[in-house]
Structures are given as structure tokens and as C-alpha cells.
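Below is one structure, written out as C-alpha cells; the observations come after it.
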2 protein chains.
Amino acid sequence: MSLTTESAVGHDELAVLKLLALEGGLEGDVKISCARLAERLDASNQTASRRLQRLESADLLERDTVSDGQWVAITDDGERALHAEYEDYRRIFETDAEVDLEGTVTSGMGEGRHYISLPGYNRQFEERLGYEPFPGTLNVDLREDSVRRRSAVSSLEPVPIDGWEDDDRTYGPAVCYPATVETSAGETYEDAHTIAPERTHHDEDQLEVIAPDKLRDELDLEDGDHVTVSVGDRE
Amino acid sequence: MSLTTESAVGHDELAVLKLLALEGGLEGDVKISCARLAERLDASNQTASRRLQRLESADLLERDTVSDGQWVAITDDGERALHAEYEDYRRIFETDAEVDLEGTVTSGMGEGRHYISLPGYNRQFEERLGYEPFPGTLNVDLREDSVRRRSAVSSLEPVPIDGWEDDDRTYGPAVCYPATVETSAGETYEDAHTIAPERTHHDEDQLEVIAPDKLRDELDLEDGDHVTVSVGDRE
DNA sequence: ATTACTAGTTTACGAGTAA
DNA sequence: TTTACTCGTAAACTAGTAA
């Protein structure tokens, strides 16, 4: 579900925000008058005025009132609220159980190798993915449009990897998705998985892939090579 | 039009419909109780009950109340309402100035050839498309998902073709979009355009393509061949 | 023109209750 | 337990007015 922090504002206000977005409110300032907005809402201009006020006080909208109307721009929070709705509708209508993400092979930080080998994770890989992964991840720098498309992955059903702890520290939970890696030469590797921390990732533009084999060798990949990772549904 | 009193439904009700769709209300019946719904809405179960009643009386939802809850299913009207929202959000976030439509080549009625050759249209083709089209259209039977995706074309900027009249009758306005046709063999033709009557078309599942050359010859196409038509923005 | 306040009315809400 | 009614209250609406 969408866990936006928007409960301050109702669905009526969100509908207004959507309307402004359709007029270009995401790209920059948009000129609007309460009267014109009221007409499109089939309500009084007082109501239109209040809707805009509430959106502003909820930090979803920035306003600049001038003599003959007002200039409005949707804030980052506003865009997030709209995007959460968008994701919901995608989940409803895009039943496609596959998301293709494109990018270039890059050198990982070398962290992956360490974590993957830890017995707390490794045991789960064997159980839930059906193989012991090669100790290392293939890191992919996602192309800009794929970074945006990546959010669609959340509508797929992940393979959960539980967090655990040893004497020294705790290790957080992660999520895997079945994935197929395809090179620009057309070679494919099918039994791979993406892996990412369960908590919102800082590196939305980086995709990490694990597999039974060393993908760099299997697919003859080097840094900068273009790959398509087809992220799919469980089963 | 249906004879039932189609009381308009507010955004709060639509949000409930969306929630039910996310639970699978489009695929079939979904079991729900007002108490559980109320919890997710952060409202009283009386409000939850009312929302469902209003959705039902607006014909967006079918209900079957049983002793321990109720089974609900979203109607076709309900799906349409949700899909309209979906299209709005797509228009907001999918700034991609291209829509890929897939289908199979089919025999046109032979009408296209007649209309395209008419001087009232032909003159505009030369001026606004930059070429004199081959006297005939390539007709494509769109695949089901492409028929649905076709609505996204309306967010692109069309090349308008004006209506005109001669002594006998009037000829309606039409809209063109730049298009690229790709065969399943990988061959492409880039300087084509889709063409359709400006007024809502009866044949939403049929796509007509014009080009300077005879596309059937240029791309070696026969009835039943699969093609992808990439409909783009002006320029 | 505008936006936004105040006042009066309507609508929506939640609590209690019956089926 | 359910759903859905009534009813008193709270919130949202429209009309009028000021800036």
C-alpha cells in the first residue's frame, strides 16, 4: 500500500493536485484562477480557494497570488503523493509480471561478496532461491528511465530474505526478485536474482544481481557493457 | 444510458473503489467487511458502509451481503472509472512522447484509397506531412492491450487535417500522428503517419497508416503479419 | 478582475441500535 | 458477529462581502 504521509489532505484535494499536474504543474509554475478551477470542479470558487489553501498548508503546493489569479507549482511532496497514486493504478492495470531495466555494468564496492557469503544469508539463498550464489554481485548502473521504471518492481512479488544477527551486530532483511540478464550481444542468463535491502534504498540507480555463477565470466561482461535485466514475478 | 439513478460519486468513494481493485476486485468477487474497510480508511464502519452503498447505487460496484460480511465485484462502469484515473496519471508521469501499438496487418475496406486521393485532403498531406501519400492505407488489427494503450495517443500532439466540402457533401476533419512501422523481421519504415477521423472512432481496434510508399511492398507485408507501430509526437 | 474572510445552510460523520 | 438504520453533532459547502 501507499504509505504516503499525506493523511492531512483528503481525496478531494488530491484530485485538485492531479488536475494541476495535468496542466503542467510538475514542470513549473502554472497560472490558475479560483473561478476557472471552480468551474472544472463544478463547485464554488470559495471551495476552489480552500482546496488550494489546504494543499499549500500540507506542503503539496507552492502558491504565489497575484492580482489576476495565482501561480502554483507542485512541490516534491506533492509529486510524491501523486506518484503513490500512480503506482497504485499501475498495480491495478499493469498485470505484466515483468519489468525490463537497462543499464551498464559497473564495479561494485566489493561489499556484495562479503554479505552474500555470510551464513545467515547464505542459508536462505539455498532454501528460497534454490542455489548458493557466486560470492559477488553484478552491479548495474541503471539508465535514467529505468531508474523511474524501477518503482514498478514493487508491484511484483518478492522472495523475502529475513534479517538476522550474530554476536556483533544485526543484519537487515532484503528482497530478491527472479531476473534474467541479457547482454547487448544477445546472450542471456536466466537463473539470476536481483537483491536489495528491504528498507528504502539510497542507491535507486544501482541494481545488484546475484546468480549461481559469476555473471561477468558467463556473459563475458566488462565495466561499461550494456545489459538488460528482466525482473520478474516469483515463479 | 442506464435507467438507474446514477448518483455521482465523490473522490472518497473512488478511493474505496481503487482499494477494492487493489485487493483483486477487477478479477472477481472479493470478501470484505465494513469493519476491516473502516480500519483501512481510518473511519467508522458506518462511513465504510455508506461508501459501499453509494458505489453500488452508482453502478460501480456489485454487492452480495452475507452473514459475516459481503462479496463485492467491480462492474464495467467501475473499471472504466478507475481506468480514466489511470490514464490521467499516465499522462502526468509518462512524458514519453511515443506509444508502441502492436497488431496484425489486415485488409482494409478499400475506403482509404478513395479518401486519400481526394484533393481536399491530398493538398493538406503535402503541406503538413511533407509528402503525397500512396493512395491506400495499411490497416492494422490492434492487439487487445494495444487497443487499451491507444488512449495514451491522445496525450500526443497531432497533425490536424481540416474538414472540407465540395458540391456534393462534406468531408470531416482527421488527425495524423508521425509513426514508425516495424515488422517482426526487424525491418522499419520511418516516415509514416497514422490517420484517423477526428471524431471518436467506431473502430478503436483498427489502426490506419499512410506513407509516401506502399508499405505492403516496402516492408514485404501480408495479411496476418505482425507489426509494431510506434506512434510519436509532432517533430 | 482577483483571493479570502464571515455567516448561514447543507452535507457528511460517528455513536447507538435494530435486524 | 455482520449490515444499515436513526439522530445529534461536526465539518464542508455556498452566498455575500471586504481588501
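Residue numbers begin at 1 in each chain, while the letters A, B, ... track the order of the sequences.
- When the P atom of D:dT1 is taken as reference, atom CD of B:Q70 falls 18 Å away, rounded to whole Å.
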Worked check of side chain to side chain contact (heavy atoms under 4.5 Å, CB included) between A:L14 and A:K18
CA-CA 6 Å; A:L14 205 64; A:K18 188 192 78 175; over 6 Å; no
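- Look at CG on B:L37: it is 12 Å from P on D:dT2, rounded to the nearest Å.
- Summarising the geometry, the separation between CG on A:D12 and P on D:dA11 is reported as 16 Å, rounded to the nearest angstrom.
- Distance B:R54 CZ to D:dT3 P: 16 Å, rounded to the nearest Å.
- Taking a 4.0 Å limit (strictly below) on heavy-atom distances, residues 42-52 of chain A reaches DNA chain C at A:Q46, A:S49.
- Residues meeting the side-chain hydrogen bond (donor to acceptor under 3.5 Å, both in side chains) test with B:Q70, sequence neighbours left out: B:R63.
- Taking the six-membered ring where the residue is Trp, A:Y171 and A:Y121 present perpendicular rings, their angle passing 60° and hence far from 30°.
- Taking 4.0 Å as the cutoff to heavy atoms of chain B, we find the contact window on DNA chain C bounded by C:dC13 to C:dG16.
- Contact of the A:Y115 side chain with the A:I195 side chain is not registered, since no non-hydrogen atoms from C-beta on lie closer than 4.5 Å.
- When the nearest nucleotides of DNA chain C are assigned to A:Q53 and A:S67 by heavy-atom distance, the more 5′-ward of the two goes with A:S67.
- Atom-to-atom, CG of B:L55 to P of D:dT3 comes out at 15 Å; the value is rounded to the nearest Å.
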Please evaluate residues B:Q53 and B:S57 with respect to the criterion side chain to side chain donor-acceptor pair (under 3.5 Å), reporting the C-alpha separation (whole Å), side-chain torsions for both, the decisive distance (0.1 Å), and the verdict.
CA-CA 6 Å; B:Q53 288 176 53; B:S57 64; over 6 Å; no
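- Ion pairing between a basic and an acidic side chain is recognised when a charged N comes within 4.0 Å of a carboxylate O; B:D162 and B:R128 show such pairing.
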